[in-house]
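Each remark here refers to the structure printed beneath this line.
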Number of protein chains: 4
Amino acid sequence: MSRRPDPTRRSEQSRQAIVSAAVDLCVEIGYAATTIEAIAARAGVGKQTIYRWWPSKAAVLLEHMTRVRETQIGFPDTGDLRVDLLAQTSAVQGLFASDTGAVWRGLLIAALSDDVAADGVRTLLQAAVVEAKGRLATAQKTGELRADVDLDMVVEIIYGPLYHAWLLTGRPLPEAYMEEVLSSVFDGLRP
Amino acid sequence: MSRRPDPTRRSEQSRQAIVSAAVDLCVEIGYAATTIEAIAARAGVGKQTIYRWWPSKAAVLLEHMTRVRETQIGFPDTGDLRVDLLAQTSAVQGLFASDTGAVWRGLLIAALSDDVAADGVRTLLQAAVVEAKGRLATAQKTGELRADVDLDMVVEIIYGPLYHAWLLTGRPLPEAYMEEVLSSVFDGLRP
Amino acid sequence: MSRRPDPTRRSEQSRQAIVSAAVDLCVEIGYAATTIEAIAARAGVGKQTIYRWWPSKAAVLLEHMTRVRETQIGFPDTGDLRVDLLAQTSAVQGLFASDTGAVWRGLLIAALSDDVAADGVRTLLQAAVVEAKGRLATAQKTGELRADVDLDMVVEIIYGPLYHAWLLTGRPLPEAYMEEVLSSVFDGLRP
Amino acid sequence: MSRRPDPTRRSEQSRQAIVSAAVDLCVEIGYAATTIEAIAARAGVGKQTIYRWWPSKAAVLLEHMTRVRETQIGFPDTGDLRVDLLAQTSAVQGLFASDTGAVWRGLLIAALSDDVAADGVRTLLQAAVVEAKGRLATAQKTGELRADVDLDMVVEIIYGPLYHAWLLTGRPLPEAYMEEVLSSVFDGLRP
DNA sequence: ATCTAATCGAGACGGTACGTCTGGTCTTCAA
DNA sequence: TTGAAGACCAGACGTACCGTCTCGATTAGAT
């Protein structure tokens with residue numbers, strides 16, 4: 001008997017209120033305390049309206065995160081790999097320090113804790129990885145990058161330090177952090 | 001009225017049963033599902049006995065993890081930095097794939113979710129970082145490592161890719177993963 | 001802004017479907033489970049169509065009940081009070097055992113639970129009481145009934161046992177139940 | 001896995017708080033609005049503590065009602081049936097007007113709405129009926145009451161008017177109501 | 001026969017309470 | 001006094017209906 005809801009009837013206003021409330025709560029009180037009830041209360045919305053359109057709070061936040069990724073963190077191609085990497089990773093570093101960082105942190109917790117949520121988060125992460133690998137593949141063709149390295153590993157070499165520092169160490173990062181990382185790492189990746 | 005329990009009357013048998021049960025559950029059903037109640041039931045112990053001696057399930061697992069770290073992952077110093085790094089990081093990679101990996105993953109989730117748990121986990125992590133930095137500092141003195149780099153960042157460059165691949169990407173790693181990473185990265189770190 | 005709907009445009013088909021569905025559900029699954037949503041679904045009607053024309057489910061059932069009362073349970077006047085009372089109360093006893101009994105039971109529940117519904121139900125009940133008192137008043141004039149008794153009380157003496165047995169005791173009643181009651185009670189009411 | 005709770009461990013304090021809260025709410029806001037959540041909040045108790053020991057709110061109120069019946073409404077036997085009936089029914093009439101009346105009204109609603117609740121309520125009601133029938137049986141032996149009448153019916157003749165007036169008519173009753181009823185009815189019941 | 005205004009079926013909406021589940025604390029009793 | 005057992009308060013979970021609202025799509029009455 002459980003019908004599928006009709007998306008054309010959906011209230012755009014509620015959708016935005018819910019996503020905003022979820023993001024705000026995630027920033028203010030953290031992912032764990034961001035309950036569906038709290039989101040509903042903050043958004044001035046019935047719980048059912050959330051359950052009708054999203055399977056979990058992770059899915060709500062994922063919608064925000066997807067939007068951000070699509071609009072804010074594209075990958076440039078100036079022809080100079082190092083410049084492009086620095087631009088993109090610095091943007092990511094900035095994002096980590098912003099509100100969106102709290103959301104992304106929450107989603108990573110969800111992915112680590114819950115296999116279902118992990119799917120969506122990994123999809124998002126893979127999209128970013130694929131984009132990065134695309135730029136790196138170009139660089140391999142132009143001879144800016146060694147042709148014999150596994151691109152997945154290169155991506156991990158570039159983003160791994162940033163994620164390690166942000167998620168695990170938790171130390172405050174200097175603004176030029178990624179510049180230093182690339183300085184140390186880049187020579188080893190050149191042909 | 002008795003605030004603190006008397007450690008001399010503590011049951012060593014219960015202590016071990018609790019830690020073992022927590023570790024087993026973490027491996028079998030994951031950190032999130034490893035509730036205090038489940039641990040108590042598996043260990044054949046009252047919940048209060050757990051709460052009396054540990055503030056949270058993270059603390060129980062932390063006790064296991066600390067013990068493992070003390071006994072198993074020393075940092076070698078053969079005089080050849082790259083050999084030592086490869087040995088140690090490969091051991092860590094092996095650990096991630098073992099039961100202890102499930103526990104460590106759980107603790108990292110705890111650290112990300114809960115500031116109190118984060119303290120204990122960070123302390124453990126910092127101990128490893130300090131040890132690594134010690135070996136790297138030696139290497140700087142012997143001229144195997146550039147003297148102008150921030151050692152925290154070097155640690156992140158070395159371990160970041162591994163953590164990224166293990167925690168976030170979730171892809172199956174080739175046995176020689178760390179060898180490839182060090183191959184790609186080491187030239188950039190040499191003086 | 002249109003407050004009141006226009007009765008001339010009302011769909012008679014929907015009206016009947018709603019009342020029928022409500023009655024059927026009341027019989028089949030009981031008054032409590034007869035929700036507005038269930039009525040709407042059974043009648044193949046939008047919820048709003050119910051709310052537009054009735055203030056509550058009690059009102060829907062009340063419409064059915066009123067119709068039944070008007071058409072089925074008139075009060076006879078043969079000149080012999082006891083014969084008339086027996087005829088009417090036996091008809092009521094029969095009604096209680098029929099589908100309409102389930103509806104009337106539901107309305108009494110509504111009246112007991114909700115003051116607004118109580119108004120309508122009491123009005124209906126009072127109409128029956130007034131009719132009965134009319135017949136009793138005639139009997140007082142003809143000397144069949146003591147003139148010094150409160151007619152409300154007499155009505156309660158006559159119908160009270162039936163309602164008590166039907167609603168509260170719930171025991172299966174012999175067909176001649178009201179005959180026995182009147183036998184026991186009538187002597188006390190004669191002048 | 002659902003264990004049955006251990007009654008010896010039960011908190012008497014919570015039990016009383018819950019029953020009191022339920023009764024108070026029933027009096028103040030009516031049976032329908034007396035939700036489990038409201039009872040729990042008023043009693044300063046977790047909802048689970050209610051669900052652990054009672055299957056429904058009706059059961060909570062039933063516990064109160066049973067206690068009242070046991071302690072307050074015994075049936076006298078002075079040797080004069082009419083005096084005894086008047087004493088007992090007047091006490092019941094008084095009860096209907098008191099706080100306990102609101103509770104009893106709620107329980108009757110529950111019994112009418114829900115078959116499970118009906119069991120408990122009918123049991124309580126039957127206990128009262130049995131007691132009354134006992135007194136009436138004695139009266140039959142002493143020749144105060146016709147021997148050929150069904151005692152269940154006699155009980156209904158006596159209490160039916162009162163319940164009808166209280167529950168259904170809802171009119172304010174004169175203090176001497178039961179005296180009048182018995183006056184009108186008693187002659188018909190005498191041998 | 002056409003237009004137009006309303007009622008219609010449908011169902012999304014903000015809410016309340018449900019009955020269940022789990023978390024961390026408090027209480028009881030045996031050893 | 002400890003430890004095992006489990007009842008306690010608290011509150012989030014996901015569901016069912018509430019009564020209101022907004023949609024096209026009939027549909028009946030006036031043009």
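Numbers restart at 1 for each chain; the letters A, B, ... are given by sequence-line order, proteins then strands. Nothing here was measured: the structure is a model prediction, and the numbers come from that model.
dG3(F) atom P lies 14 Å from atom CD of Q16(B), rounded to whole Å. With rounding to whole Å, I29(D) atom CD1 is found 14 Å from dT16(E) atom P. Between the P atom of dG6(F) and the CZ atom of R4(D) lies a distance of 14 Å, rounded to the nearest Å. Atom CD1 of I18(A) and atom C1' of dG15(E) are 14 Å apart (whole Å). The distance between atom CD of Q13(D) and atom P of dA7(F), rounded to the nearest whole Å, is 17 Å. With rounding to whole Å, E12(B) atom CD is found 16 Å from dT2(F) atom P. Distance CZ (R42(A)) to C1' (dG14(E)): 18 Å, rounded to an integer number of Å. Atoms CZ (R15(C)) and C1' (dG9(E)) sit 19 Å apart, rounded to a whole Å.
If you check every strand for non-hydrogen atoms under 4.0 Å, W54(B) touches nothing.
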Residues 28-40 of chain C side chain polar contacts: donor-acceptor under 3.5 Å, at least two apart:
{"residue": "E28(C)", "atom": "OE1", "partner": "R42(C)", "partner atom": "NH2", "Å": "2.7"}
{"residue": "T34(C)", "atom": "OG1", "partner": "C26(C)", "partner atom": "N", "Å": "3.4"}
{"residue": "T34(C)", "atom": "OG1", "partner": "G30(C)", "partner atom": "O", "Å": "2.6"}
{"residue": "T35(C)", "atom": "OG1", "partner": "A38(C)", "partner atom": "N", "Å": "3.0"}
{"residue": "E37(C)", "atom": "OE2", "partner": "K47(C)", "partner atom": "NZ", "Å": "2.8"}

Exercise answer: donor-acceptor pairs, residues 109-121 of chain A side-chain atoms, under 3.5 Å, sequence neighbours excluded:
{"residue": "S113(A)", "atom": "OG", "partner": "I109(A)", "partner atom": "O", "Å": "2.8"}
{"residue": "D114(A)", "atom": "OD1", "partner": "V116(A)", "partner atom": "N", "Å": "3.0"}

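Taking OG of S56(A) as the start and CD1 of I50(A) as the end, the distance is 11.0 Å to the nearest 0.5 Å. Taken from CG in L167(C) to CG in L108(D), the straight-line distance is 9.0 Å, to the nearest 0.5 Å. We find the NZ-CG distance between K57(C) and L62(C) to be 13.5 Å, quoted to the nearest 0.5 Å.
Of the candidates dC8(E), dA7(F), dC9(F), dA7(F) carries the atom nearest the P5(D) side chain, counting heavy atoms from C-beta on. In the set dA7(F), dT7(E), dC9(F), dC9(F) carries the atom at the smallest distance from any side-chain atom of S14(D).
Nearer to the 5' terminus of DNA chain E, by closest-nucleotide assignment, is the contact made by R10(C) (compared with the other of P7(A) and R10(C)). Of the two residues contacting DNA chain E, namely V45(C) and V45(A), the nearest-nucleotide position lying further toward the 5' end is that of V45(C). Two residues, A40(B) and G46(D), neighbour DNA chain F, and the one matched to the more 5' nucleotide by heavy-atom proximity is A40(B).
For the pair S20(D) (side chain) and A17(D) (backbone), a donor-acceptor distance under 3.5 Å is absent.
Not counting sequence neighbours, the partners of R15(D) by the salt bridge (Lys or Arg N to Asp or Glu O under 4.0 Å) test are E12(D), E63(D). In this structure, T100(D) has no side chain to side chain donor-acceptor pair (under 3.5 Å) partners at least two apart in sequence or on a different chain.
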Going 5' to 3' through nucleotides 18-31 of chain F and flagging B where a protein heavy-atom sits under 4.0 Å of the base, S where only the sugar-phosphate is that close, and - otherwise, we get BBBB-B---BB---
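Two end axes, each from the C1' atoms of five base pairs, can be drawn for the helix from dA1(E)-dT31(F) to dA31(E)-dT1(F); they diverge by 20°, to 10 degrees.
For CD of Q16(A), the number of neighbouring non-hydrogen atoms (other residues, nucleotides, ligands) closer than 6.0 Å is greater than 12.
S11(D) has no side-chain polar atom (N or O) that falls below the 4.0 Å cut-off from OP1 or OP2 of dA7(F). Residue W53(A) places no side-chain N or O under 4.0 Å from the OP1 or OP2 atom of dA12(E).
The side-chain tip of R10(C) points at the ring of W54(C) from less than 6.0 angstrom away and within 45° of straight on.
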